[in-house]
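See structure below.
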Amino acid sequence: MTSTLRPADVTRAERRPGRWLALCVLVLAVLLVAVDATVLGLATPYISEDLHPSGTQLLWIGDVYSFVIAGLLVSMGSLGDRIGRKRILLCGATAFGAISVLNAYATLPESMIVARALLGVAGATLMPATLALIRNLFHDPRERSLAVGIWGATASAGTAVGPIAGGFLLEHFWWGSVFLINLPVMAVLVLVGLRTLPESRNPHPGPWDLQSVLLSLVGMIGVVYAVKEAATHGFSWPALTVGLLGAGALGGFVRRQLTMPVPLLDMRLFRHRGFSGAVLADLLTVLGMSGLVFFLSQYLQLVQGRHPFEAGLAELPAAVGAVAAGLVAGSAARRFSVRSVVSGGLAAVGLALAALTCLGQSTGYPVLGAALLVVGIGAGLSFTVTADVILSSVPKEQAGAASAVSETAYELGAALGIALLGSIVTAVYSGFTGPAGTPSGAHESLGAAVEAAARMPAGAAASLLDAARDAFVHGLHLASGAGAAVLLGTAAVAWFLLKGQRLENTERTGHPEDAE
């Protein structure tokens with residue numbers, strides 16, 4: 001494949017003035033989303049104590065953001081290709097900051113769920129736009145690999161900044177303050193982004209098809225909701241009906257894209273084996289990890305009794321490992337191979353999750369810290385290289401749609417992981433046997449049990465907490481084991497699907513199927 005750019009054009013594109021400063025603005029958007037995702041886990045015990053959500057409502061608070069964002073990412077990525085990626089990024093960042101205020105001041109579980117859903121609408125505009133702008137800012141593949149590594153490292157750094165900053169805020173202010181930290185980041189992003197980000201769009205975009213948008217949204221939410229309900233409450237006809245409706249909507253979406261002259265999502269992207277393999281690897285990896293991540297903060301605080309700030313510091317090794325690995329992942333993939341780096345990273349995460357099946361209520365931190373460090377290194381290697389593969393597999397005009405597919409896989413995996421693995425923890429936990437006088441609400445969540453124990457006699461409270469914590473840890477064991485199996489299986493799948501895949505050393509254009 002030869003580039004359609006003239007050599008002078010390539011040189012000029014590679015040396016675009018201010019591209020690294022523009023990258024700094026883009027990673028602020030990534031930081032915004034990453035911090036928001038991680039502080040929620042730390043704030044969950046406080047939200048549970050203040051809003052008194054049921055176990056199901058608590059899961060909805062955790063995953064409704066992912067449900068909505070998964071349903072809208074493709075539509076918003078395609079919209080950015082049409083109206084301008086800079087425009088949709090800055091509008092989305094402004095909305096993200098404003099809606100964060102609604103999250104901070106929610107007073108009911110239902111209002112919190114609605115606020116998280118609205119945040120998902122705004123969040124759907126951010127991640128595809130950032131990757132698409134990187135694709136258009138950096139035409140030199142090696143520079144782009146480094147830029148993607150910095151992008152991924154910032155997301156990982158956000159997972160460290162979120163718990164630490166959130167832990168500090170939770171120890172000094174009320175839980176809503178963890179959402180208000182989005183506001184200064186959003187303000188800097190918008191003010192600096194207005195001056196530094198170049199606008200880019202598809203020069204021949206076609207119409208933004210509203211019917212396709214609705215089919216994508218209904219399909220994603222329907223399927224994910226059905227999986228969540230089946231995992232939480234078992235098989236039921238309402239859940240099956242919603243799932244079939246969602247599957248039908250997704251089928252209709254695919255058929256419509258294949259018949260439209262300018263589709264919302266070019267289905268030919270999936271003919272490229274590297275693109276499809278990278279997307280599948282991302283989805284299954286996040287699915288295997290997300291349930292554990294969602295409950296880890298609760299384990300550190302409610303089982304081991306750590307303060308929020310201490311719990312945030314305890315999660316730091318994962319972020320440190322991911323940052324370090326993300327910065328060298330592109331070079332490693334070129335020196336060795338894409339599939340060895342991705343599969344090796346996923347296998348490392350799987351083995352670390354398997355080690356976490358040995359956690360107990362009093363497990364020392366070195367064991368947990370070492371496992372989290374390995375998880376971070378493996379995830380940093382895998383996610384950075386698969387993002388680079390996805391971006392380099394498509395022409396830059398379709399960067400928004402391709403980035404949206406990548407992020408959809410990530411968010412869908414997060415939603416399914418919390419629904420499936422999180423439901424394992426919830427189901428095992430809810431069956432514990434407490435002492436006489438244990439209120440039924442204590443079986444809804446570990447936070448509710450801690451709150452109930454505070455109102456019971458000392459002996460009964462100790463028995464309740466011991467039984468509840470033991471059940472929670474047992475559920476965490478099963479979720480970690482299931483996650484380990486998913487990650488090791490994904491490593492094997494990636495080894496075959498990414499065979500022969502290489503990161504490009506020269507700029508490519510044209511359709512992705514040409515790469516085969």
Checklist entry - Do the side chains of L89 and L126 get nearer than 4.5 Å, heavy atoms only? => result yes
Next on the checklist: In the structure I gave you, are the side-chain heavy atoms of T384 and L327 within less than 4.5 Å of one another anywhere?
Outcome noted: no
Item to check | Atom of M112, atom of I47 and distance for their closest heavy-atom approach | outcome: CE-CD1, 3.8 Å
Next on the checklist: So which atom in Q257 and which in M267 form the shortest heavy-atom distance, rounded to 0.1 Å?
Outcome noted: CB-CG, 3.8 Å
Checklist entry - Of all heavy-atom pairs between A117 and V68, which one has the smallest distance, and what is that distance? => result O-CG1, 3.5 Å
Checklist entry - Are side-chain heavy atoms of R273 and K499 found at a separation under 4.5 Å? => result yes
Checklist outcome for this item: Of all heavy-atom pairs linking M76 and T125, the shortest is SD-CG2, 3.9 Å
Under 3.5 Å, sequence neighbours excluded: what are the donor-acceptor pairs made by side chains of residues 90-106?
| from | atom 1 | to | atom 2 | distance (Å) |
| --- | --- | --- | --- | --- |
| T94 | OG1 | L90 | O | 3.0 |
| S100 | OG | F96 | O | 2.8 |
| S100 | OG | N182 | ND2 | 2.8 |
| N103 | ND2 | I99 | O | 3.0 |
| N103 | ND2 | A115 | O | 3.4 |

Checklist entry - G288 and L353: which non-hydrogen atoms are nearest, and at how many Å? => result O-CD1, 3.8 Å
Next on the checklist: Once ring pair (Phe, Tyr, Trp, His ring centres under 6.0 Å) is applied, do any residues pair with F253, and if so which ones, sequence neighbours excluded?
Outcome noted: none
Next on the checklist: Measuring only between side-chain heavy atoms, which start at C-beta, is I390 closer than 4.5 Å to D282?
Outcome noted: yes
Checklist entry - For A281, does its backbone N or O pair with a side-chain atom of T285 as donor and acceptor, under 3.5 Å? => result yes
Next on the checklist: With a 4.5 Å cut-off on side-chain heavy atoms, are L280 and F275 touching?
Outcome noted: no
Checklist outcome for this item: Interatomic distance, CE@M220 vs OG@S216, rounded to 0.5 Å, equals 5.5 Å
Checklist outcome for this item: Taken to the nearest 0.5 Å, the spacing of L487 CG from L284 CG works out to 9.0 Å
Checklist entry - Are any of the side-chain heavy atoms of L250 and L215 separated by less than 4.5 Å? => result no
Checklist entry - Could you state the interatomic distance from CG (L373) to CG (L316), rounded to the nearest 0.5 Å? => result 10.0 Å
Checklist outcome for this item: To the nearest 0.5 Å, atom CZ of R87 lies from atom CG of L194 at 12.0 Å
Only distances under 3.5 Å count here; give the side-chain donor-acceptor pairs of residues 340-349 to other protein atoms, sequence neighbours excluded, each with its distance to 0.1 Å.
| from | atom 1 | to | atom 2 | distance (Å) |
| --- | --- | --- | --- | --- |
| S340 | OG | S337 | N | 3.3 |
| S340 | OG | S337 | O | 2.9 |
| S340 | OG | S337 | OG | 2.9 |
| S343 | OG | R339 | O | 3.0 |
| S343 | OG | A491 | O | 3.0 |
| S343 | OG | W495 | N | 3.1 |

Checklist entry - So do L23 and I134 actually touch side chain to side chain, heavy atoms under 4.5 Å? => result yes
Checklist entry - Rounded to the nearest 0.5 Å, how far does CG of L283 lie from OG1 of T490? => result 9.0 Å
Item to check | I150 and W20: CA distance, side-chain angles, deciding distance, side chain to side chain contact (heavy atoms under 4.5 Å, CB included) verdict | outcome: CA-CA 10 Å; I150 294 172; W20 294 107; 4.2 Å; yes
Item to check | Residues, nucleotides or ligands: over 12 heavy atoms within 6.0 Å of Y365 OH | outcome: yes
Checklist entry - Checking side chain to side chain contact (heavy atoms under 4.5 Å, CB included) for the pair R271/S276: CA distance, chi angles, key distance, verdict? => result CA-CA 7 Å; R271 295 179 185 174; S276 298; over 6 Å; no
Item to check | For V375 against M289, the heavy-atom pair lying closest together | outcome: CG1-CE, 3.8 Å
Checklist entry - How long is the gap from CG on L26 to CG on L189, to the nearest 0.5 Å? => result 8.0 Å
